[in-house]
There are 2 protein chains.
Amino acid sequence: MLMPPADAYPEKSIVTQLRAYLAQADLPQDGRIPPERDLAVALGVSRTELRKALDVLESEGQLWRHVGKGTFMGSRPLDTFADIAALARRSNPAEVMRARLVIEPEIARAAAFTATPAAISEMRLCLARSRQAETWRQYEGWDARLHRTIAEATQNSLLLGLFDTLNAVRRAVTWGRLRTAPVKPLPSHHSFTEHDAIVDAIEHRDMTGAAAAMRTHLRSVERKLLDKQDARADEG
Amino acid sequence: MLMPPADAYPEKSIVTQLRAYLAQADLPQDGRIPPERDLAVALGVSRTELRKALDVLESEGQLWRHVGKGTFMGSRPLDTFADIAALARRSNPAEVMRARLVIEPEIARAAAFTATPAAISEMRLCLARSRQAETWRQYEGWDARLHRTIAEATQNSLLLGLFDTLNAVRRAVTWGRLRTAPVKPLPSHHSFTEHDAIVDAIEHRDMTGAAAAMRTHLRSVERKLLDKQDARADEG
DNA sequence: TTGGATACCAATTATGATTTGGTTTATATT
DNA sequence: AATATAAACCAAATCATAATTGGTATCCAA
């Protein structure tokens, strides 16, 4: 059997050339390779031929391309694992509660270290407003804002994002409980003093105390949640 | 008792005037009200006075403001950005490291309570494989799997989801690292013994010890990260 | 028929000007 | 002296526009 002439598989040689280039060139962190137009010039081939070679490498799964973005080595990044709906479907109220107990005390601890006076003022505002709430709906609004203000006080956008994700799942999870509680929070509502303790600790830069107070609060919420007598799905 | 003159409490009258305007004007769907500069002209007051009135309404929780966005009626919507890419764009390596220090020790603590023998076996496997790694890429693979196995061991799908989100952001964030480290992890690599300590504590159901060991490990990784001599951004 | 250059398209990114809430400063005004 | 006003400035966010980039179609030449 005769060997084919050297240029019988021109695309093959270009693929080889391209592989050599990609192995030699040090790519940026995201694995992006030069745009097709530039790369064609650099390799001394037409864009059409280069694209054929890129097609081969893409079919091999060695790179991925997207209009407007560019061409990248490696495998295409999986899109948004943080699908709230999917998470909520797999999860349940007990898990949410346990996750809160894992995450939020540590967020409170971090907040005690980084909280600004302005953030603490906002926390105080939330405390006052939640006490004045005329309906559970209003109360829950100020309660949610308090907890988020604490997360913001960490000054860490990633922690805040994780907190928001946790919160979104919490809202999405079906609690299967009815809102049969009294029409408005009573002054004796356990959360009031517990919230106060959390903010006090943060204000005094007491990291351990803040974490402990938050844990106590969430445990209290958890108890109410599991208590069949008080079927209200309290949000803490 | 005499009535005070009409302008004795100018801020009060402006608040009233503002309330009337907001009640009368039909606001757009998002509840946005005109910019302060325009509204001041429309109401015939100075911007300073208008802002005082807006402060009152804001403290009442009837509106919220944000620089660059505008002023809106109602309560501030909590922007849940579960989008990995968006999170990564706003974050940075330091934030990621701090977030890991907040989250992962508590995950290790929870895992010490819930881990099954099978999960612990898998952790041991990861330890062994990571020691046998011939390249940093291989090592990182087993390292990542170890940390995820610990998160799985909590048997909490929500915690696992949050861990995955954190991990995705970590990978997406630009580290700007230099791969100047040796071609493969040395036997003396600090992570080996630290990983061992974590798994040992989990196996002995030592919750406090697991959290402490994880914290020690991540602090060590953090140190390496900030060390200019060893610019390799170790992944733990 | 094949390959190459060109132009065009839609998705994306980059850029610069503009808007907006927040703050400071100088100047009247009382 | 105290207060209000106007103006300027700042940083965050938005908007509008241009420039990139992978994908596709067209025309021309070999």
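For the numbers below, each heavy atom of this structure counts, side chains included, while hydrogens, waters and symmetry mates do not. Each chain gets a letter, A, B and so on, in the order its sequence line appears, and its residues count up from 1.
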Requested in this report: Please evaluate the base of D/dG22 for a donor-acceptor partner in the side chain of A/Arg37 within a cut-off of under 3.5 Å?
Outcome: yes
Query raised in the report: For the pair made of CZ in B/Arg65 and C1' in C/dG22, what is the distance, rounded to whole Å?
Result: 9 Å
Report task. Output, in order, the C-alpha distance, side-chain angles, deciding distance and verdict of side-chain contact (heavy atoms from CB on, under 4.5 Å) for A/Val56 and A/Glu60. Result -> CA-CA 6 Å; A/Val56 173; A/Glu60 291 175 358; 3.8 Å; yes
Requested in this report: Starting at atom CG of A/Leu39, determine the distance to atom P of D/dT20, rounded to an integer number of angstrom.
Outcome: 17 Å
Report task. May I have the distance from A/Lys69 (atom NZ) to D/dA19 (atom P), rounded to whole angstrom? Result -> 23 Å
**Report entry** Given DNA chain D, 5'-ward residue of the pair B/Arg47 and B/His66, judged by closest heavy atom
**Finding:** B/Arg47
Query - Nearest-angstrom distance from the residue atom CZ of B/Arg32 to C1' of C/dG21 - result: 11 Å
Query raised in the report: Just how far, in rounded Å, is P of C/dT2 from CD of A/Glu49?
Result: 12 Å
**Report entry** side-chain contact (heavy atoms from CB on, under 4.5 Å) between A/Ile33 and A/Leu39, worked out
**Finding:** CA-CA 8 Å; A/Ile33 73 178; A/Leu39 198 50; 4.3 Å; yes
Report summary line: When rounded to whole Å, the CG to C1' distance for the pair A/Asp30 and D/dT21 reads 14 Å
**Report entry** Heavy-atom closest contact (A/Ala108 atom, A/Ile202 atom, distance)
**Finding:** O-CG1, 4.2 Å
Query raised in the report: Given that B/Ser46 and A/Glu36 both sit by DNA chain D, which one's nearest nucleotide is further toward the 5' end?
Result: B/Ser46
Query raised in the report: OP1, OP2 of D/dG22 versus side-chain N and O of A/Thr71: anything below 4.0 Å?
Result: yes
Query raised in the report: Is there a side-chain contact between A/Glu122 and A/Arg145, using heavy atoms and a 4.5 Å cut-off?
Result: yes
Query raised in the report: Can you check the A/Arg51 CZ to C/dG4 C1' distance for me, whole Å?
Result: 14 Å
Query raised in the report: The side chain of B/Lys52 lies closest to which of these nucleotides: C/dG4, C/dG22, D/dA4?
Result: D/dA4
Query - Atom-pair distance (CG on B/Leu54; P on C/dT23), nearest Å - result: 13 Å
